[in-house]
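The next block holds one structure in the form of structure tokens; read it before the comments.
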Amino acid sequence: MDGRAVAPAAGTVLNALATGTGSAFAIDLETTASVELTHDGDVVGEVAGRPEADTTLVERCVELTVAEYAAAAGLDDATVGARVTTESDVPMASGLKSSSAAANATVLATLDALEVADAVERIEACRLGVRAARDAGVTVTGAFDDASASMLGGVTVTDNTADALLAREEIDWHALVYTPPEQSYSADADVSACERIAPMARLVEELALDGRYGEAMTVNGFAFAAALEFPTGPMLDALPDAAGVSLSGTGPSYVAVGERDALEAVQERWDDRDGRTRLLKTRTDGTQRL
């Protein structure tokens, strides 16, 4: 019994570190997971091309999914094992939600292997991946905002303290991503510094719930860049051409959204910086079986 699924990465509208409320949107960078069920009870993960990579998250995704749904598949969860392999074009530790994409792809691929995917609501599958991320220690907030955007597609606003979806909307944007050479792990972020800008985060939340995502992103970007000590220069480069621009997650990537012509002008400026730029589309389809 095999399963495969693909999940998109995401960019940030509102970082949830300040108040527990977050917002994110899916972008066209993908992680694919392949799951082969076995009968030895062992779960073994692998990241294609990176034999040294930590596979705790994807292994935990399989374990939780099997524990929850093996019975529905007519199997004994105590004897079900798996081999799970992920491959990705999402750079790790870059603020582009690589962990959420890996978790979503792995959960859905496992459900596909169990042949119960059609019976499980996508938001419930998303919550399994969030539980796995918390167990694996790869998230501070639980990342339900990032995970929901990746799983459902479009823009989502969430209460991460309750794993509750507050709003979702499908927005057709182009998205420009700038990723500097360094990495930044969200679990290492200075939470206390982020909590001090909670009033700004609440303003961003109001803007996002009002559908003013571009303005929300930009306010979020300047506030969290200050709190997390990232440069604001890339965001200034994007204005006023972009409809919105923000530090994505806890960095180091920045994401700008808007019309393609406007973002091409921004890309010319970002290309002068060390790192990589990619002009993409936003995604409304979310995580899918293959």
Output side-chain donor-acceptor pairs under 3.5 Å for residues 252-262, partner residues at least two apart or in another chain, one line each.
residue	atom	partner	partner atom	Å
S253	OG	S94	O	2.7
S253	OG	T179	OG1	2.9
Y254	OH	P231	O	2.5
R260	NE	E264	OE2	3.1

Problem set entry | Closest heavy-atom pair and its distance - R269, L239 | NH1-O, 4.4 Å
Exercise. Can you name the residues that form a ring-ring contact (aromatic ring centres under 6.0 Å, His included) with Y178, not counting sequence neighbours?
Worked result: W270
Exercise. Please, which pairs that meet side chain to side chain donor-acceptor pair (under 3.5 Å) have at least one residue in residues 228-239, sequence neighbours excluded?
Worked result: D237-R273
Exercise. Any donor and acceptor pair, going by atom type alone, linking the side chain of S150 with main-chain N or O of P8 inside 3.5 Å?
Worked result: yes
For this session: Report yes or no: does T38 contribute a side-chain atom to a donor-acceptor pair with the main-chain N or O of A82 at less than 3.5 Å?
Result: yes
Problem set entry | Residue of the set T55, V35, T106 for which side chain to side chain contact (heavy atoms under 4.5 Å, CB included) holds with T86 | T106
Exercise. Between the side chain of R283 and the main-chain N/O of L29, is any donor-acceptor distance below 3.5 Å?
Worked result: no
For this session: Dump the intermediate steps for salt bridge (charged side-chain N to carboxylate O under 4.0 Å, His left out) on D40 and R83, then the final yes or no.
Result: CA-CA 11 Å; D40 58 10; R83 304 290 179 268; 2.9 Å; yes
Exercise. Any donor and acceptor pair, going by atom type alone, linking the side chain of T12 with main-chain N or O of G249 inside 3.5 Å?
Worked result: yes
Exercise. Got a sec, which pairs hit side chain to side chain donor-acceptor pair (under 3.5 Å) with one end in residues 120-130, sequence neighbours left out?
Worked result: E124-R127
Exercise. Between the side chain of S100 and the main-chain N/O of K97, is any donor-acceptor distance below 3.5 Å?
Worked result: no
Exercise. Does one side chain, of N15 or N220, offer a donor that lies under 3.5 Å from an acceptor on the other?
Worked result: no
For this session: Determine yes or no for a side-chain-to-main-chain donor-acceptor pair under 3.5 angstrom, with T21 supplying the side chain and D159 the backbone.
Result: no
Exercise. Within the side chain of D54, is there an N or O that forms a donor-acceptor pair under 3.5 Å with the backbone of T56?
Worked result: yes
Seminar exercise, completed: Sequence neighbours excluded, the answer for side chain to side chain contact (heavy atoms under 4.5 Å, CB included) partners of I171 is V155, E169, W173, Y213
Seminar exercise, completed: Taken in chain and number order and not counting sequence neighbours, the residues that satisfy side chain to side chain contact (heavy atoms under 4.5 Å, CB included) with A132 are L57, R60, C61, L64
Exercise. Checking N160 side chain against D145 main chain: does a donor-acceptor pair fall under 3.5 Å?
Worked result: yes
Exercise. Above 12 or not: heavy atoms from other molecules or residues under 6.0 Å from CG of D274?
Worked result: no
Exercise. Sub-3.5 Å donor-acceptor pair from the side chain of N104 to the main-chain atoms of A147, do we have one?
Worked result: yes
Exercise. Is a side-chain donor or acceptor of D89 paired with a backbone partner of E30 at a separation under 3.5 angstrom?
Worked result: yes
Exercise. Do you see a donor-acceptor pair shorter than 3.5 Å between the side chains of T156 and S148?
Worked result: yes
